[in-house]
Participant: 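Can you read through this structure? Questions will come right after.
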Amino acid sequence: MDNIFLWIAITLGAMVGLVSVVGIVSIYLERKISAFMQDRLGPMEVGFGSLVNAIAGKEVLREGRIGLAQSLADGLKLLQKEDIIPDGADKFLFKLAPMIVFAGTFSTFAALPLAEYFIPADVNIGLFYILAISSFGVSGILMAGWSSNNKWGLLGSLRSTAQMVSYEIPVGVSLVSIVMLTGTLSMKGIVVAQEGWFWNWHLFGAVGHHGLIGFVLLPMMVINFIAYFIGSLAETNRAPFDIPEAESELVAGYHTEYTGMRFAIFFLAEYGAIFVGNAIAVALFLGGWYSGIPAIDQANIPGIAPLVFILKTFVLIFVVMWIRWTLPRLRVDQLMTLCWKYLIPFTLFTFFSVAIYKVFIV
Amino acid sequence: MTPEEIFNKLKDKFGESKILSVHNNESAEVDICDPFINIEPLAMTEVAKFLKNDSELAFDQCCCISGVDLGDDLQAVYHLYSFNQKHKICLKATTNRENPAIGTTALTWGISGWLERETYDMFGIIFKNHPDHRRILLEEDWEGYPLRKDYEFPRYWRGMEVTPEEDYGTD
Amino acid sequence: MEQIKTDLMTINMGPQHPSTHGVLRLELKTDGEIVDSCRPYLGYLHRCFEKHCESLDYLKIVPFTDRMDYLAAMNNNWAFALAVEKMMGIEVPEKCEYLRVIVSELNRIASHIIAFGTFGLDIGAFTPFLLAFNQRELIFDLLEEASGARMLYNYIWVGGVARDVTSEWLKKVKGFCESYKPVINEIDDLLSYNKIFVSRAANVGIVPKDLAIDYGFTGPNLRGSGIEFDLRKDEPYSIYDKFDFDVPIGSGEEGTLGDCWDRYMCRIRETRESIKIIEQALEGISLEGDIYEAVPKNFNKMPKGEVYVRSETPRGEMGIYIVSEGGKAPTPYRCKVRSPAFCALSILEKIAKGVMISDIIVILGSIDIVLGEVDR
Amino acid sequence: MVIADFAFILVAAFVLICACVVVFHNKIIYSAFALLFCFFGVAGLYVFLNAEFLAGTQLLVYVGGISVLILFGILLTKNIEDLTSKEVSTQKIFGGLISVTFLGGLIYMVNSVDWKVSTPKPIENSPVEIGKLFMSDFLIPFEIAGVLLLVALIGAVVIGRDTDKDLEV
């Protein structure tokens, strides 16, 4: 019994660590990447040394000239900020909302297959679990928007919910194609099916399952991957689908009234959700922890599998940021048009194609 | 068209009681002045409509409406321009200080709505039949009309001190 | 089928809102995301410019005009200077005219950079905004070298300009012209023809020709509606008749004539024309001569009378109406400013019905208001 | 097994509390959110029944879909801050009597039925089994449910088009 509690504690601790590290690294990357794209410098002052000095009350020197500790310092700053709850807000729900949003993201980390023996909870319906639990966070966003008693917040949360509920469909359907191909909902099972050379990845069709004939599915899978990627951008409220928090329209959407640590938790949840969204794409389409070259996977270098997985995820996260700093924002009706008139028909088409392939060709 | 032609055309249409006089550089008592036509204030509405709709005049844009405090009287100065005919004219409507009223042109030119509101805000000239006659730059409950020459800046407004004591009454 | 009845929601946009470009308050009545009516409330930045003018010397008003349209201070200075010069019949030395053209066209570019940069920002494109701002910094460096200030210049005086420039400065301006051209092409690639951007800006906030004239649109807004009218071309003041440049007008090439995209594109194209003018002015200018030659020592010779002078600022036609009592009074009896942004903003009430909340922001961005000038 | 029992009691208590809030809370928005958590807890109960797939479906459909739609509807009504359910609970005594009678009946039924206890055999791949059942034994109910949803979908589209102009298109 002690063992179970210990195991739970360790797992939870590791997950909290992973979420925080992912959040901090993503925020740092976002700043640096946007800075380089926009001909700016980004954070340049706060290094770890100067952060330690600042906390210890010593003289702060300009060390660490690439600003590595900037996100950490920002976190500390947000912790110290005044925690404001608006007068007309519903205090209980206002406090509850960030926790629910964070819980929705945090729980999904449990089923991420970082490596073959490094999955916090390898449930046999892993993929389904992630999809289901991430829909829980939507209610937190609604709660935040309503309880802050701010019309911009309410509008933001309504937009956000409509968007997430709609985009769950193309995301779900595009993932079902993969499930149909592999015949399992287990994240581990799906990744294992892509072992070997990189052309076994689901992005390139079903070569890993059925040999050369699997290439027939290449266009379907590419469409699926793009649909999933766009859908996950929308589900995580990222540009060009960041209309729920469109700062030029809704001030900050559902977290307009939040300050300090509560705001930081929303932020962390958002970056966590981005990581999860792209991690699913990596696991399902891009071979998960397999590097794509059998020799490397079989060399048994310790830690290489999670590293490969996280690297691939961050490559996708880079693309997400690249898109954010390049494209303008869609309008809310255009967003719905994109979902219902383009993504859903396309994913349904690929879904049927895969079904036909599965029944008649193989 | 020259100001005289416009003046004659207007006079033919509305009569001398409404179109009072025309001034140009030569006939003016001042050193420098754009040509302008004096209009009876309450006739502004119909004159404006005619100026816009007549095909020869076709003054389709009202550039500017400025109020002027003449001492005994208040005046609204209209600068009009025609994109069609590429000519311009200045109209002046003078009204008394106690009961300032001018016919609105807001139904003729869209922009007049706001320009007249501004003139009302600053000079207290009432524009008859204006569809949305409110203050525009100042608060709705502001007292007095600041651009009149006899305006005194208030010491307090809604309990807030808006003029420091040392400045009050000195200038 | 029986109509489903819905209530309207009132939303206050502003005075503190990221996209009202200052302190403007819009009272929106919306049915969900669809705007039913929009009522602007102005005056948060009202600083009694016209009242102050009545107690200030003509030369002392010039720095006040900086603060109206703080994004195009040079053009405002010039507008006021033109009015007083016309009143006093001052002939400005040719060198000063050239300098005025150069600095105000530079300022026009800087102002348009803000206009289309923040317009992109309103739609969510952050990067083009910052790329354009790099160029604005270069312009600021140039104008700082000429006038000593970065934003509020007080440079164009009645009868002349405040400081002389060097030939090095002219070379730097030339260098800027060269560096600006590729940047505007880049912004075209990144923003103007971007599919999402076009879908957000085209067919939104359509202002047809007659409505544009009726609601006092001037400058790029008017030209965006397809009317070829530019005071620099149609009523040339100063030495604008010496220059060869085009007047870009909206054509509805991505949507309908007079939509937000047309107004945006007019500004982009206008900066190219400004570069053309600057390059011609750089060739024509000679650095010999005194810049203070025509600056009046005092205003005792001010005639009695009134003038209304229009000039083309980046936001449109700025009209200055001055009434003077004559020589004994060194201050204007009345000074009225016809503010282009004030007039253009009045159309918002008219075209806001039926658009979405996001479109209100796009429309507001496309008519390019500066609240300092709207409220004065 | 103690931990599992303990966890079961926790989850069950959570569901009961949430259900009580749904019924008794004055503010309708609280009731709606409590309903959401109630669904969430029920999903947890499914997990104890070894029905993970059903739990996931419960989350996806009820928590992510239906409760959110209910919330949506409530949030879009006017003056929701003042909206209470007080005015509808007028017949407290009568309603209470019905509830108590119903509860008594349930308790009697639970005690009187001779429950068969069987050891559950864990199903290795429940989605596959469920899918097979859908496509064989329960095909007709499954299809009928599908048709019903399609009808509802079309109905929603018809209601959603509010103007006559749209109908002509």
Side-chain angles (χ1 to χ4, degrees), chain B residues 23 25 28-34 36 52 58-71 75 77-84 86 88 90 92 106 108-115 117-119 121-123 131-132 134-140 142 146-149 151 153 171, chain C residues 39-46 48 50-51 54-55 86-89 209-218 222 227-229 234-235 302-310 317 319-327 333-339 342-347 349-350 374-376:
Chain B
H23 287 256
N25 292 342
E29 307 143 13
V30 293
D31 305 327
I32 177 167
C33 174
D34 292 331
F36 63 88
K52 184 182 181 185
F59 284 103
D60 40 16
Q61 189 168 55
C62 175
C63 296
C64 182
I65 300 178
S66 345
V68 182
D69 183 352
L70 296 177
Q75 192 177 51
V77 183
Y78 298 75
H79 288 94
L80 309 179
Y81 183 74
S82 167
F83 282 94
N84 197 358
K86 302 274 178 207
K88 52 188 170 185
C90 172
K92 288 187 177 181
T108 313
W109 297 295
I111 180 59
S112 291
W114 276 30
L115 290 171
R117 274 173 71 187
E118 194 194 338
T119 314
D121 201 358
M122 295 298 163
F123 290 90
D132 186 21
R134 290 179 294 134
R135 281 186 181 270
I136 188 164
L137 290 176
L138 301 179
E139 287 291 327
E140 304 245 334
W142 191 267
L147 279 182
R148 288 191 182 184
K149 290 284 175 189
Y151 178 73
F153 204 75
D171 189 345
Chain C
R39 205 174 209 196
Y41 288 86
L42 321 174
Y44 290 89
L45 211 58
H46 181 56
C48 325
E50 290 167 16
K51 187 77 179 169
E54 290 174 12
S55 54
K86 183 179 176 191
M87 198 112 177
M88 300 180 76
K209 282 183 185 181
D210 51 340
L211 203 64
I213 293 175
D214 201 32
Y215 276 83
F217 266 28
T218 44
L222 185 73
I227 297 163
E228 196 174 345
F229 182 80
D234 290 61
E235 287 179 17
M302 197 70 177
K304 186 172 190 278
E306 59 179 62
V307 286
Y308 178 75
V309 176
R310 321 199 278 171
E317 168 195 327
I320 307 273
Y321 177 65
I322 294 179
V323 183
S324 151
E325 278 191 311
Y333 182 75
R334 167 88 173 107
C335 176
K336 156 90 188 172
V337 177
R338 185 253 189 224
S339 138
F342 176 86
C343 296
L345 185 59
S346 70
I347 204 165
E349 274 175 302
K350 179 87 179 167
V374 172
D375 294 342
R376 279 154 289 149

Participant: Could you walk me through whether C:Lys51 and B:Met122 satisfy the side chain to side chain contact (heavy atoms under 4.5 Å, CB included) test, starting with their C-alpha distance in whole Å, then the side-chain angles of each, then the deciding distance to 0.1 Å, before giving a yes or no?
Facilitator: CA-CA 10 Å; C:Lys51 187 77 179 169; B:Met122 295 298 163; over 6 Å; no

Participant: Can you measure from CG (B:Leu70) to OH (C:Tyr333) and round to the nearest 0.5 angstrom?
Facilitator: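 Answer rounded to 0.5 Å: 6.0 Å.
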
Participant: Report the distance from atom CG of C:Asp210 to atom CG of B:Asp60, rounding to the nearest 0.5 Å.
Facilitator: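 Those atoms lie 9.5 Å apart.
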
Participant: Might you work through the salt bridge (Lys or Arg N to Asp or Glu O under 4.0 Å) test for C:Glu306 and B:Lys92, ending with a clear yes or no?
Facilitator: CA-CA 13 Å; C:Glu306 59 179 62; B:Lys92 288 187 177 181; 2.6 Å; yes

Participant: Is a salt bridge present between B:Asp69 and C:Arg334, judged by a nitrogen-to-oxygen distance below 4.0 Å?
Facilitator: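 Salt bridge between B:Asp69 and C:Arg334, a charged N being under 4.0 Å from a carboxylate O: no.
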
Participant: Given that the side chain runs from C-beta out, which part of C:Ile347 has a heavy atom under 4.5 Å from chain B: side chain, backbone, both or neither?
Facilitator: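 For C:Ile347, neither part sits under 4.5 Å from chain B.
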
Participant: Mark yes or no for whether C:Lys336, through its side chain, and B:Gly67, through its backbone, hold a donor-acceptor pair below 3.5 Å.
Facilitator: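 No; zero donor-acceptor contacts below 3.5 Å.
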
Participant: With a 4.5 angstrom heavy-atom cut-off, could you sort out which part of C:Asp234 is near chain B: side chain, backbone, both or neither?
Facilitator: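 C:Asp234 touches chain B through side-chain heavy atoms alone.
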
Participant: So what's closer than 4.5 Å to chain B heavy atoms on C:Lys350: side chain, backbone, both or neither?
Facilitator: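 No part of C:Lys350 comes within 4.5 Å of chain B.
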
Participant: Just jot down the ring pair (Phe, Tyr, Trp, His ring centres under 6.0 Å) partners of C:Tyr215, sequence neighbours excluded, or say none.
Facilitator: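 Ring pair (Phe, Tyr, Trp, His ring centres under 6.0 Å) check on C:Tyr215 returns nothing, list empty.
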
Participant: State the CD1-SG distance between C:Ile320 and B:Cys64, to the nearest 0.5 angstrom.
Facilitator: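 C:Ile320 CD1 to B:Cys64 SG: 9.5 Å, rounded to 0.5 Å.
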
Participant: Taking every heavy-atom pair that is under 4.5 Å apart, which of C:Glu349, C:Arg310, C:Glu317, C:Arg376 has the most such pairs with chain B?
Facilitator: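 Of the options given, most contacts go to C:Arg310.
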
Participant: Does any backbone or side-chain atom of B:Leu138 lie under 4.5 Å from a heavy atom of chain C? Answer side chain, backbone, both or neither.
Facilitator: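 Side chain of B:Leu138 only, per the 4.5 Å heavy-atom cut-off to chain C.
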
Participant: Taking the side chain as every heavy atom from C-beta outward, state whether B:Lys88 and C:Glu235 have any pair of such atoms under 4.5 Å apart.
Facilitator: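 B:Lys88 vs C:Glu235: side chains touch.
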
Participant: As an exercise, state the distance from SG of C:Cys343 to CG of B:Leu115, rounded to the nearest 0.5 Å.
Facilitator: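 Separation between the atoms: 5.0 Å.
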
Participant: With the side chain counted from C-beta on, respond yes when B:Val68 and C:Tyr321 share a heavy-atom pair under 4.5 Å apart, and no when they do not.
Facilitator: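 Result yes, sub-4.5 Å side-chain heavy-atom pair found.
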
Participant: Could you walk me through whether B:Trp114 and C:Leu42 pass side chain to side chain contact (heavy atoms under 4.5 Å, CB included), step by step?
Facilitator: CA-CA 11 Å; B:Trp114 276 30; C:Leu42 321 174; 3.6 Å; yes

Participant: What part of B:Thr108 lies closer than 4.5 angstrom to a heavy atom of chain C: side chain, backbone, both or neither?
Facilitator: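 Contact with chain C is through the backbone of B:Thr108 alone.
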
Participant: Heavy-atom distances under 4.5 Å only: say whether C:Phe342 touches chain B with side chain, backbone, both or neither.
Facilitator: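 C:Phe342 touches chain B through backbone and side-chain heavy atoms alike.
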
Participant: Check this for me: does any side-chain nitrogen of one of C:Arg39 and B:Asp132 sit under 4.0 Å from a carboxylate oxygen of the other?
Facilitator: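 Salt bridge: yes.
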
Participant: Mind checking the OG1-CD spacing from C:Thr218 to B:Gln61? Nearest 0.5 Å is all I need.
Facilitator: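 That separation rounds to 6.5 Å.
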
Participant: For the CH2 atom of B:Trp109 and the CG atom of C:Asp214, what is their distance to the nearest 0.5 Å?
Facilitator: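 It comes to 9.5 Å.
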
Participant: Under a 4.5 Å heavy-atom cutoff, which of B:Ser112, B:Cys90, B:Ser66, B:Gly113 has the most pairs with chain C?
Facilitator: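 Of the candidates given, the most pairs with chain C belong to B:Ser66.
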
Participant: Which atoms of C:Leu222 come close to chain B, meaning under 4.5 Å heavy atom to heavy atom: side chain ones, backbone ones, both, or neither?
Facilitator: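 Side chain only.
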
Participant: Can you say whether B:Arg135 sits under 4.5 Å from chain C via the side chain, the backbone, both, or neither, judging by heavy atoms?
Facilitator: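 When you check distances to chain C, no heavy atom of B:Arg135 falls under 4.5 Å.
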
Participant: Please flag which part of C:Tyr308 lies under 4.5 Å from any non-hydrogen atom of chain B: side chain, backbone, both or neither.
Facilitator: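 Both backbone and side chain.
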
Participant: Can you tell which part of B:Glu139 gets under 4.5 Å to a heavy atom of chain C, answering side chain, backbone, both or neither?
Facilitator: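 Neither; nothing under 4.5 Å.
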
Participant: Could you tell me which portion of C:Val374 (side chain, backbone, both or neither) has an atom closer than 4.5 angstrom to a non-hydrogen atom of chain B?
Facilitator: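 It is the backbone, since no side chain atom gets that close.
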
Participant: Measure distances from B:Asp121 to the heavy atoms of chain C and classify the residue's part below 4.5 Å as side chain, backbone, both or neither.
Facilitator: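 The answer is neither part of B:Asp121.
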
Participant: Determine, using ring centers only, whether B:Tyr81 and C:Phe229 are less than 6.0 Å apart.
Facilitator: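 Yes, the ring centres sit under 6.0 Å apart.
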
Participant: Do B:Glu118 and C:Arg338 sit within salt-bridge range, that is, some charged N less than 4.0 Å from a carboxylate O?
Facilitator: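 No, no charged N to carboxylate O under 4.0 Å.
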
